[in-house]
Amino acid sequence: MSRLRGFILRTSNLTKRFGGLVAVNNVNLGVKPNTIHAIIGPNGAGKTTLFNLITGVLKPTSGRVFFEDRDITGKPPHAISALGITRSFQVYSIFPNLTVLENIRLAVQASWGRMKWDFLRPVTSYREVTWEAMRIASITGLYARTGLLARDLTPGDKRKLEIAMALAGKPKLIALDEPTAGVSTEEVPSITRLVRRLRDEMGKTVVVIEHKIDVVLELADTVSVMSQGSIIAEGPPREIVENREVQRIYLGE
Ligand SMILES: Nc1ncnc2c1ncn2[C@@H]1O[C@H](COP(=O)(O)OP(=O)(O)O)[C@@H](O)[C@H]1O
Ligand SMILES: [Mg+2]
């Protein structure tokens, strides 16, 4: 517990090099449980790479990642996801030619198939999986859309579907890479409401990469600002927008 210091997720001197480029440079990130922690910063700052290191998509060059009481550094994505971290991607990761329900069912089946230690669970029936998928559709506001093909959803509903699919794995921590990217101004509030409900009603911890500063201000308990691979500022959103260095680097002032 000492190495976690009250955080559910912590990175220690996490570094990723791509050849000569240091995409993530000695990052010490601490995420408190049941909070929304935003990662902001200009394009190319290393935000997605940091997510890839935390979720096992990439192996770090050096440094460690701790989740709950475990050192998860270098574990493969399926192992990390089984321990309770799931993510969405900056680019849509849904199956466009399947229905909303089929997409969620696949995510439920994938996560149940992973739970090999769950020896009490009988072979999961079609009906059980469908029930669970409908439950998730309902809590993510997609209940009325379950029969639609995913490709026919609005951008906002596509983002909700990604969150729904991430929820299928019953994560403790959910990592969202730009959940409002491509979403119209009118649809953004329904995404922010859903993200807030992940924390407030579902007890999740949320780490979110987000470009829209008003969304960050409204949602985040804590903001970490990345620039050129490093965290250059961290704190509550109101403090962060007043930080001179942040204004210079991120807000372009
Ligand atoms: N797989 C990769 N191979 C080489 N360079 C990469 C790779 N992924 C990202 N980079 C580089 O690392 C830097 C950080 O990228 P990224 O993490 O995607 O930034 P952000 O998400 O903050 O926009 C960029 O310069 C990018 O070009
Ligand atoms: Mg990115």
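Predicted model, so just to flag it, every value in this text is computed and none were measured. For ligands, and for the atoms within them, numbers begin at 1 and follow the listed sequence.
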Can you see whether R87 engages T55 through a side-chain donor-acceptor pair at a distance of less than 3.5 angstrom? yes
Taking atom types as modelled, is there a side-chain donor on R64 or N13 under 3.5 Å from an acceptor on the other? no
Give a yes or no on whether V108 and W131 share a hydrophobic cluster (residues Ile, Leu, Val, Met, Phe, Trp, Tyr; joining criterion: side-chain heavy atoms under 4.5 Å apart). no
H211, K212, K47 screened by side-chain hydrogen bond (donor to acceptor under 3.5 Å, both in side chains) with E178, the one that passes: H211
Does atom CZ (R197) have a neighbourhood of more than 12 heavy atoms from anything else shown, all under 6.0 Å? yes
Would you indicate whether F18, at its atom CZ, is surrounded by more than 12 heavy atoms from other residues, nucleotides or ligands within a distance under 6.0 Å? yes
Would you say G46 and ligand 1 have an N/O pair spaced under 3.5 Å apart? yes
Could you list the atoms of ligand 1 found under 4.0 angstrom from a heavy atom of [X]?
X: A45; answer: 19 (O), 20 (P), 22 (O)
X: L21; answer: 11 (C), 12 (O), 13 (C), 25 (O)
X: N43; answer: 23 (O)

Using a 4.0 Å heavy-atom threshold (strictly under), name the region of L58 that reaches ligand 1: side chain, backbone, both or neither. neither
Regarding atom 18 (O) of ligand 1: of the candidates L50, T48, V24, which has the closest heavy atom? T48
Which is closest to atom 20 (P) of ligand 1 in terms of heavy atoms, G44, G229, A23? G44
Suppose we only count N/O/S atoms under 2.8 Å; would T48 qualify as near the Mg ion (ligand 2)? yes
